[in-house]
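Below: the structure, in structure tokens.
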Amino acid sequence: MSETPRWSRVLLKLSGEAFAGGGEFGFDPTTIKTIARELAAVHNAGVEIAIVVGGGNIMRGATAAEAGMERVAADSIGMLATVQNALALQDALEKMDVDTRVQTAIAMSTLAEPFIRRRAMRHLEKRRVVILAAGTGNPYFSTDTAAVLRALEIKAGAVLKATNVDGVYDKDPNRYPDAKRFSSLSYDYCLENKLGVMDLTAFALCEENGLPIVVFSLAGEGISIAWCLARRSHCRRTRLRGKRERKMAIPELLKEAEEKMKRALEASRTSSHRFGRAARTPGWWSI
Ligand code: UDP
């Protein structure tokens, strides 16, 4: 990658489906290796990379809840699924001689560090790729929301969302050959036209904080993470942005976020009650 990267620090959101290759479930080692190779190229170009991994290739809480499982249990399994993907990606990156650290939002100290913002930023400064797993650590949220939250926390320049299409289209490009790809979009347009780029909570956070989202495809020759970090002209993707100072005027966004927060708080209160003192005892990690 010979060009100057657009951002010196980015947050990449890798959905679970990226780990499954062409399939819907499980891991595809070849695909994971390819992703790791591209990430290594970006890393070697000097970009600091934090990655939030999804878990949809193993478990989606909402789907399991629809099938009858208790939502909090299903979401917990979903969050653990993201840890599996994180460890698979760590393994592939380390094989490319990239230093990595996995941090999780749910403590599991024999496998990974807990997420500590300042520690994560320190790792990035020390040229380590930081893989963030277990989403936000709360049920009812998604890894999209975790990605935006962490991007803001670690002061990333943008959220890069890898999907199986190379940007945002006015209609499904797999079904309509005449679908048009947007090179740049406002948050408002996406919301008004219900373009499901990310979930509403993630979107609201991005909009409120003026954080750009870049949607691009992991698949296809020449359309790589590396290109998307390089100059605008070389990148097939859609960039979403809004004005930093713009006030959010979409009540349903606020309502949804508030609802989620309430349910997540309630769930964490129940689990801390269940596990008693142990759940509230601070771990041994310090900065
Ligand atoms: N999840 C959660 N809280 C979070 C992030 C994720 O409960 O903060 C659970 C939720 O059940 C979700 C699953 O983990 O369905 C996997 O994450 P996601 O669906 O966002 O993965 P992706 O679609 O990106 O593969």
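Scope of the values below: all heavy atoms of this structure, side chains included, with no hydrogens, waters or symmetry mates.
Remark: Leu149 CG to Glu153 CD distance equals 4.5 Å, nearest 0.5 Å. We find the OG-CE distance between Ser142 and Met79 to be 11.5 Å, quoted to the nearest 0.5 Å. Going from atom CD of Gln103 over to atom CZ of Arg150 covers 9.0 Å, rounded to the nearest 0.5 Å. Put simply, CG on Leu14 and CG on Leu132 are 11.5 Å apart, with the number rounded to the nearest 0.5 Å. Here the CD1 atom belonging to Ile77 is positioned 15.0 Å from the CZ atom belonging to Arg60, to the nearest 0.5 angstrom.
Residues Phe19 and Thr31 have side chains not in contact (no heavy-atom distance under 4.5 Å, counting atoms from C-beta outward). At a threshold of 4.5 Å between non-hydrogen side-chain atoms, the residues Arg9 and Met121 count as touching. Counting heavy atoms from C-beta on, the side chains of Asp144 and Lys161 come closer than 4.5 Å. Between Val215 and Ile213, some side-chain heavy-atom pair lies under the 4.5 Å cut-off. No side-chain heavy atom of Ile51 sits under 4.5 Å from any side-chain heavy atom of Val130. Looking only at side-chain heavy atoms (C-beta outward), Gln90 and Val129 stay at 4.5 Å or farther from each other.
Listed for the Thr143 side chain is no donor-acceptor partner under 3.5 Å among the backbone atoms of Ala146. A donor-acceptor pair under 3.5 Å links the side-chain atoms of Thr34 to the main chain of Thr30, judged by distance alone. Counting only distance, with no hydrogens or angles, the side chain of Asn209 and the backbone of Leu211 share no donor-acceptor pair below 3.5 Å. Glu94 places a side-chain N or O within 3.5 Å of a backbone atom of Thr100 that can act as its donor or acceptor partner. No donor-acceptor distance shorter than 3.5 angstrom exists from the side chain of Thr145 to the backbone of Phe141, with no hydrogens or angles considered. Without hydrogens or angle criteria, Asn44 side chain to Ala40 main chain gives a donor-acceptor distance under 3.5 Å.
Among all heavy-atom pairs drawn from Ala86 and Ala133, the shortest one is CB-CB, 3.7 Å. Heavy-atom minimum distance, Asp75 versus Gly61: OD1-CA, 3.3 Å. Here the closest heavy-atom approach between residue Ile154 and residue Ala120 is recorded as CG2-CB, 4.4 Å. Taking both residues in full, the closest heavy atoms of Met96 and Lys33 are given as CE-O, 3.7 Å, listed atom of the first, atom of the second, then distance. Contact between Arg175 and Pro177 at its shortest, heavy atoms only, is O-CD, 3.6 Å. Nearest heavy-atom pair, Tyr169 versus Phe182, reported as atom, atom and distance to 0.1 Å: C-CE1, 3.7 Å.
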Would Leu160 and Trp7 count as a side-chain contact (heavy atoms from CB on, under 4.5 Å) if you check the C-alpha gap in whole Å, the side-chain angles of each, and the deciding distance to 0.1 Å?
CA-CA 11 Å; Leu160 310 181; Trp7 294 288; 4.1 Å; yes

Quick one: do Leu93 and Ile131 satisfy side-chain contact (heavy atoms from CB on, under 4.5 Å)? Show the steps, please.
CA-CA 10 Å; Leu93 280 168; Ile131 306 169; 4.1 Å; yes

For Leu111 and Thr104: C-alpha separation, side-chain torsions, deciding distance, then whether side-chain contact (heavy atoms from CB on, under 4.5 Å) applies.
CA-CA 9 Å; Leu111 275 184; Thr104 56; over 6 Å; no

Full working for side-chain contact (heavy atoms from CB on, under 4.5 Å) between His123 and Glu113
CA-CA 12 Å; His123 287 320; Glu113 298 176 9; 3.0 Å; yes

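Residues Phe27 and Val53 fall within the same hydrophobic cluster, defined by Ile, Leu, Val, Met, Phe, Trp and Tyr side chains chained together at heavy-atom separations under 4.5 Å. Phe115 is not connected to Ile49 by any chain of hydrophobic side-chain contacts under 4.5 Å among Ile, Leu, Val, Met, Phe, Trp and Tyr, and they are in different clusters. Each of Val102 and Val52 belongs to its own hydrophobic cluster when Ile, Leu, Val, Met, Phe, Trp and Tyr are linked at side-chain heavy-atom distances under 4.5 angstrom. Hydrophobic clustering (side-chain heavy atoms under 4.5 Å, transitive across Ile, Leu, Val, Met, Phe, Trp, Tyr) keeps Ile35 apart from Phe25. No single ILVMFWY cluster, assembled from side-chain heavy atoms under 4.5 Å apart, contains both Val83 and Leu11.
Counting non-hydrogen atoms of neighbouring residues, nucleotides and ligands closer than 6.0 angstrom, the CD atom of Glu125 exceeds 12 such neighbours.
The side chain to side chain contact (heavy atoms under 4.5 Å, CB included) with Asn57 is formed by just one residue from the set Asp28, Asn85, Thr82; it is Asn85.
Side chains of Glu48 and His43: a donor-acceptor N/O pair is absent below 3.5 angstrom, by distance only.
Ionic pairing of Arg127 and Asp99 is not present here: no N-O contact between side-chain nitrogen and carboxylate oxygen is shorter than 4.0 angstrom.
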